[in-house]
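Report on the structure given below.
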Amino acid sequence: MTLAHGHVSVSNPLPYTPEVAQETAGLYAKVARVIPSIEWPRFAPTIARINRLKAERHAVILAHNYQTPEIFHCVADFVGDSLQLAQEAAKTDAPVIVQAGVHFMAETSKILCPDKTVLIPSLEAGCSLASSITGADVRLLRQRYPGLPIVTYVNTSAEVKAESDICCTSSNAVAVVESIAAERGVDTVIMIPDEFLAKNVALQTPVKIISWAGHCEVHERFSAQDIRDFRKGNPGAIVLAHPECPPEVIAEADFAGSTSAMINYVGTKRPSRVVMVTECSMSDNVSVHYPDVEFLRPCNLCPHMKRITLDGILNALETMTHEVKVDPETGARARVAIERMLRVTAKPAKAA
Ligand code: 13P
Ligand code: SF4
């Protein structure tokens, strides 16, 4: 059996004692708008235990913007988009990193911190983009297009990154494409594996882009008609979309950007009604900070992100599993591509 917000098993719950209630009262005040009070006694003891254990283990929890509110707001040390989480991993002093995100994010942390222990609460937290391409595919692309640089979205395995010239995320893709094209003196680059991100980037730069046919299973399901229907039913709503959506969806949106860019849009422009055309937890997490903004919620769940739960995080810290390992030689090559990307952009991470 699961609860609506956290996918947490209700068998053998930890006791919700008066001490736990007191210890977590400040955290509940923060999330009360998005977590019903009836659910809090199930979450609070696990949150309290995670926060104690995290201090004992000198661990940090890096959480992606798609994590559920009880993770995002109550146990994470740093939250952000893929770029911000990679930047934070690159600079943390903590010996243990718990990645509340999908496997490629944990692998990126391990590549940047080969001497640290990187834990992922579920080994099943994959990504349809990461599984759309292999290292062998990238070697074939190089043979087919000799001399063209390969820009690889971070949503890929270490093996794929190792075969690439430079990585990118949705927040820096245009800058990365333009910088590597200028550096290599070429007018065309290969951009893998997200076809829609590549097409959306191609609309913003004179650099020509050869793409791969990978898709995000969450964002590919949105259609331009969805957005038009939505606008008809909700006049005046501002539509923000993630660049993993098909280009015709982006064309219907008011703004497109990475998960953190969408959050910044809400924070700076304060639209009275907004829809985030992306994963569902985004609106829950952001609405906590902006009670004056009405969040309309046509969204899709990422089944991989939702494999990360409070119970899984607690288990990771108690048992120090599942440790993410990357072959050192592959990791060293992948690290060159990630660090080259990090030099192109330097957007600061945000403390949770
Ligand atoms: P961001 O880098 O924008 O957070 O995107 C990561 C992701 O997996 C989106 O689907
Ligand atoms: Fe991968 Fe899409 Fe899930 Fe992001 S939302 S982790 S791109 S499947």
Side-chain angles (χ1 to χ4, degrees), residues 7 62-68 71-72 76 78-89 99-109 120-133 151-157 160-161 167-176 191-198 200-201 212-222 240-246 249-250 253 255-266 276-283 285-286 299-308 338 341-342 344-345 347-350 352:
H7 312 271
L62 306 185
H64 186 260
N65 291 328
Y66 292 161
Q67 293 295 295
T68 45
I71 295 174
F72 188 89
F78 291 94
V79 295
D81 64 12
S82 309
L83 177 62
Q84 291 169 311
L85 297 182
Q87 287 168 325
E88 194 50 43
Q99 198 86 32
V102 293
H103 193 263
F104 76 80
M105 294 176 178
E107 236 182 21
T108 301
S109 293
I120 183 148
S122 168
L123 285 172
E124 290 171 286
C127 170
S128 64
L129 282 168
S131 58
S132 74
I133 190 161
V151 178
T152 293
Y153 197 29
V154 284
N155 298 38
T156 46
S157 66
V160 167
K161 291 182 176 80
C167 287
C168 74
T169 73
S170 57
S171 71
N172 60 18
V174 176
V176 165
M191 191 172 172
I192 54 173
D194 188 340
E195 182 181 15
F196 296 146
L197 178 68
N200 288 323
V201 169
W212 183 257
H215 298 141
C216 162
E217 67 187 83
V218 175
H219 293 95
E220 72 175 347
R221 281 160 42 211
F222 294 107
L240 314 181
H242 195 277
E244 290 170 6
C245 292
V249 171
I250 300 297
F255 173 82
S258 78
T259 54
S260 288
M262 285 191 259
I263 295 171
N264 289 342
Y265 184 102
V266 173
M276 291 180 158
V277 183
T278 188
E279 213 275 345
C280 300
S281 292
M282 276 279 290
S283 292
N285 290 333
V286 189
C299 60
N300 289 328
L301 276 173
C302 173
H304 308 290
M305 288 282 179
K306 265 50 238 188
R307 290 198 182 271
I308 308 299
I338 298 171
M341 166 189 83
L342 292 176
V344 173
T345 42
K347 194 168 70 171
K350 173 171 156 287

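All residue numbers refer to positions in the sequence shown, counting from 1. Counting starts at 1 for both ligands and their atoms, following the listed order. Just so it is clear, the structure is predicted and the values come from calculations on it, not from any experiment.
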Quiz item: How are the rings of Tyr66 and His219 set relative to one another: parallel (under 30°), tilted (30 to 60°) or perpendicular (over 60°)?
Solution: tilted
Quiz item: Do the side-chain sulfurs (SG) of Cys299 and Cys280 come closer than 2.5 Å?
Solution: yes
Exercise. List in chain and number order the residues that pass side chain to side chain donor-acceptor pair (under 3.5 Å) with Glu279, two or more places apart in sequence or in another chain; answer none if no residue qualifies.
Key: Lys306
Practice problem: Under 2.8 Å from atom 3 (Fe) of ligand 2, which protein N, O or S atoms are there? Could you list them by chain and number? | Solution: Cys302 SG
Quiz item: Any side-chain donor-acceptor pair under 3.5 Å between Ser258 and Ser260?
Solution: no
Quiz item: Tell me, do Ser157 and Glu107 make a side-chain contact under 4.5 Å, heavy atoms counted?
Solution: yes
Exercise. Could you tell me which atoms of ligand 2, counted from 1 in the order shown, lie closer than 4.0 angstrom to a heavy atom of Asn155?
Key: 7 (S)
Quiz item: Do Met305 and Val102 have side chains that get closer than 4.5 Å, going by heavy atoms?
Solution: yes
Quiz item: Pick from Thr259, Ile263, Val266, Thr278: which one makes a side chain to side chain contact (heavy atoms under 4.5 Å, CB included) with Leu240?
Solution: Val266
Self-check item: Proximal ligand 2 atoms for Glu244, defined as those under 4.0 Å from one of its heavy atoms
Solution: 2 (Fe), 7 (S)
Quiz prompt | Contacts of Thr152 that satisfy side chain to side chain donor-acceptor pair (under 3.5 Å) - sequence neighbours left out | solution = Ser164
Self-check item: Close side-chain approach of Glu244 and Leu129, heavy atoms under 4.5 Å
Solution: yes
Quiz prompt | Sorted by chain and number, the residues that approach ligand 1 to under 4.0 Å with a heavy atom | solution = His64, Tyr66, Asp81, Ser82, Asn155, Ser170, His219, His242, Glu244, Ser258, Thr259
Exercise. Give the C-alpha distance, both sets of side-chain angles, the deciding distance and a yes or no for side-chain contact (heavy atoms from CB on, under 4.5 Å) between Asp194 and Asn155.
Key: CA-CA 9 Å; Asp194 188 340; Asn155 298 38; over 6 Å; no
